[in-house]
Amino acid sequence: MTDDRIPTRPLGRSGLTVGAVGLGCMSMSWAYDPSQKDDAASVDTIHAALEAGVTLIDTAPAYGPYHNEELLGRALSDRRDQVVLATKLGMSVDLKTFEFTKDGRPENVAPQLEESLRRLQTDVIDLYQLHRVDPNVPVEETWGAMAELVRRGLVRAIGLSEATAQECARAHAVHPVSSVQSEFSLWTRDVLEKGVLAWCESNGATLIPFAPLGRGFLTGAISTEHKFEANDFRARNPRFTDDARAGNQRLVQEVRAVAAEVGVTSAQVALAWTLATSPSIVPIPGTRRRERVLENTAAANVVLPDHLRKRLDELPAPVGARY
């Protein structure tokens with residue numbers, strides 16, 4: 001299920017292997033520049049990703065809601081065998097306020113899967129992830145219900161998203177955790193500071209970084225003058241206020257300088273740094289555009305010299321909180 005054009009990495013100890021760079025599909029449905037949603041272009045982008053050797057494709061019911069899973073169902077209807085398909089359960093999002101509602105009740109796990117299978121037009125999910133741990137439900141209970149789906153052959157592997165190292169350990173005691181999806185990039189390093197990556201490395205799980213390009217900021221594509229649409233997630237994000245963007249230009253300038261020295265793009269530098277952090281990492285940069293998929297995938301073969309990696313390691317903390 002992989003392509004020799006880009007390196008591959010194991011997906012935890014699940015027995016699945018994926019291209020070293022995956023594709024996050026959230027922005028094809030909502031959150032960023034929603035007026036630019038274009039299903040035909042998104043399907044073309046998904047197909048371009050597969051042709052480039054991307055195999056891990058990530059979605060969730062919350063993206064839309066439901067539009068993203070339905071989009072993938074159509075895009076992959078005749079290409080399902082080329083994909084390690086990842087989706088999620090346990091969270092809904094208010095499209096106006098971006099407030100999360102979490103539901104990890106075990107009795108709701110199987111019904112959520114049934115709906116995802118229908119929307120995705122498949123009979124099995126390769127990687128089923130708990131979108132957020134429900135603070136009102138012990139993670140062991142949710143995880144036990146998810147493990148039952150593996151035993152029934154409806155799911156091949158299970159993972160967590162934005163979980164702490166302690167929550168990962170509690171789930172792992174019930175059934176192996178194949179992956180942990182969390183934000184990780186040059187300007188978001190919580191998984192290093194809080195021990196999540198170290199837990200993954202010690203327990204045979206893959207870290208799947210979302211937003212590895214800083215929601216587009218690290219590519220240099222978002223200037224201090226950029227105006228976000230009112231219902232763009234970044235319009236209310238502390239790290240994207242006018243003052244924060246001005247303060248964070250120093251990060252963009254440093255990434256751009258490293259990119260010029262290596263002879264690649266800023267996006268490729270950001271992804272190459274993320275990949276070089278650990279062999280247990282498979283980032284899933286998101287995009288709607290075919291050319292960006294090809295650019296991101298090429299980052300899997302970019303080698304950063306040690307002195308430039310050190311320079312990136314020492315970037316200052318960003319201005320503005322993550323959420």
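Sequential numbering from 1 along the given sequence is applied to the chain's residues.
Residue pairs satisfying the salt bridge (Lys or Arg N to Asp or Glu O under 4.0 Å) criterion with at least one member in residues 259-272, sequence neighbours excluded, are listed as follows: E261-R311.
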Could you pull out all donor-acceptor pairs under 3.5 Å where a side-chain atom in residues 313-323 meets a protein atom, sequence neighbours excluded?
{"from": "D313", "atom 1": "OD1", "to": "W273", "atom 2": "NE1", "distance (Å)": "2.8"}
{"from": "E314", "atom 1": "OE2", "to": "K310", "atom 2": "NZ", "distance (Å)": "2.5"}
{"from": "R322", "atom 1": "NH1", "to": "E162", "atom 2": "OE2", "distance (Å)": "2.9"}
{"from": "R322", "atom 1": "NH1", "to": "E183", "atom 2": "OE1", "distance (Å)": "3.0"}
{"from": "R322", "atom 1": "NH2", "to": "E162", "atom 2": "OE2", "distance (Å)": "2.8"}
{"from": "Y323", "atom 1": "OH", "to": "R215", "atom 2": "NH2", "distance (Å)": "3.4"}

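Side-chain rings of H172 and W143 stay apart, their centers remaining 6.0 Å or farther from each other. Between F217 and W187, the ring center distance clears the sub-6.0 Å criterion.
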### Message
side-chain contact (heavy atoms from CB on, under 4.5 Å), that's the test. Do N248 and R239 meet it? Break it down for me.
### Response
CA-CA 8 Å; N248 286 323; R239 202 166 284 180; 3.7 Å; yes

### Query
side-chain contact (heavy atoms from CB on, under 4.5 Å) between R132 and F100: does it pass, once the steps are laid out?
CA-CA 9 Å; R132 294 291 188 275; F100 299 160; 3.8 Å; yes

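Side-chain atoms of E167 come within 3.5 Å of backbone N or O of T164 as a donor-acceptor pair.
Using a 4.0 Å cut-off between a side-chain N of Lys or Arg and a carboxylate O of Asp or Glu, E140 and R170 qualify as a salt bridge. Classification of D33 and R234 as a salt-bridged pair holds, one side-chain N sitting under 4.0 Å from a carboxylate O.
Using a 3.5 Å distance cut-off with no hydrogens or angles, the side chains of S178 and R156 do not pair a donor with an acceptor. For T87 and Q129, the side-chain atoms include no donor-acceptor pair closer than 3.5 Å.
Enclosure of atom CZ in F228 by more than 12 non-hydrogen atoms of other residues, nucleotides or ligands within 6.0 angstrom is indicated.
Of the candidates P209, S182, S278, C200, S182 is the only one forming a side chain to side chain contact (heavy atoms under 4.5 Å, CB included) with V191.
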